[in-house]
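The structure presented is a predicted model; accordingly, all values stated were derived computationally and were not measured.
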Amino acid sequence: MLFLHGDGTAAASASWLEQIAALGLRCFSHREIDGVEKTEATLHQFGALCAEIADQAPGQALLVLRAGLELNAELLQALGALLDRAPGVSVYTLLSNASPAHNPFAGLPYPANPESRRRLLRWLGSNRLYLLDQWPSHFLALTTDAVDALADTDLPLSAAAGRLRARR
């Protein structure tokens, strides 16, 4: 299932929401959006959001997307398969330019030489997993166990990673 949040960004397109519905995915948002189930909790009330989602759709993984970040059907299905196979309490995100803290290119000079750009891309995009101390809000993929572990009415998004580390 998906949770779309806004934080003042663009809204999801109607055609993309139709694609989500065709895949059989339930879509939630704190915003009023046609065809999307409304939540009481916001992204910043992350524990309450996880609790609300777990009550509405028990036993489901959760994909949190910034509205306007529209993943295609193939990628959504691949993410679903990843979350189904992921061990226990797992949360994934994407490095991207959506946040300078999660942009591997932030602060790097743009190489003028095309070969240097290719080497940089190969190095940064090497299919490695990185541990993050701070979660971005543009994209989070949580296993069912992670949703359950974070379901707490007083847990803000900023404390979610620490909660999971403490469970180890």
task: State, with a plain yes or no, whether a side-chain heavy atom of V147 is found less than 4.5 Å away from one of Q60.
output: no
field: Heavy-atom pair with the smallest gap, counting every atom of F46 and A160
entry: CD2-CB, 3.9 Å
- prompt: About how many Å separate CG of L157 and OG1 of T42, when rounded to the nearest 0.5 Å?
  reply: 9.5 Å
field: Partner set under side-chain hydrogen bond (donor to acceptor under 3.5 Å, both in side chains) for E74, not counting sequence neighbours
entry: none
message: Let's go through Y92 and L79 carefully: what are the C-alpha distance in whole Å and the side-chain angles of both, what is the deciding distance for side chain to side chain contact (heavy atoms under 4.5 Å, CB included) to 0.1 Å, and is it a yes or a no?
response: CA-CA 10 Å; Y92 301 91; L79 286 167; over 6 Å; no
task: Hey, could you give me the NZ/CD distance between K38 and E32, rounded to the nearest 0.5 Å?
output: 5.0 Å
Nearest non-hydrogen partners of S90 and A146, listed with the distance: O-CB, 3.6 Å
message: Under a 3.5 Å distance rule, please check whether T143 uses its side chain to pair with a backbone N or O of G88 as donor and acceptor.
response: yes
- request: Looking only at non-hydrogen atoms, find the nearest pair between S29 and I33 and report the distance.
  value: OG-CD1, 3.8 Å
message: Within the structure provided, determine whether C27 and L17 are in side-chain contact (heavy-atom separation under 4.5 Å).
response: yes
- request: Side-chain contact test, heavy atoms from C-beta onward, threshold under 4.5 Å: evaluate it for D152 versus R163 and give yes or no.
  value: yes
message: Working to the nearest 0.5 angstrom, can you tell me the gap between L49 CG and E40 CD?
response: 11.5 Å
- prompt: To the nearest 0.5 Å, how far apart are NE2 in H30 and NE2 in H44?
  reply: 10.0 Å
task: Determine whether F139 and V64 make a side-chain contact, defined as any pair of heavy atoms from C-beta on separated by less than 4.5 Å.
output: no
message: Run L155 and L150 through side chain to side chain contact (heavy atoms under 4.5 Å, CB included) and show every step you take.
response: CA-CA 7 Å; L155 182 71; L150 296 170; 3.6 Å; yes
message: Just verifying a value: how many Å separate L83 CG and L63 CG, rounded to the nearest 0.5 Å?
response: 7.5 Å
- request: With rounding to the nearest 0.5 Å, note down the distance linking CZ in R26 to CG in L62.
  value: 11.5 Å
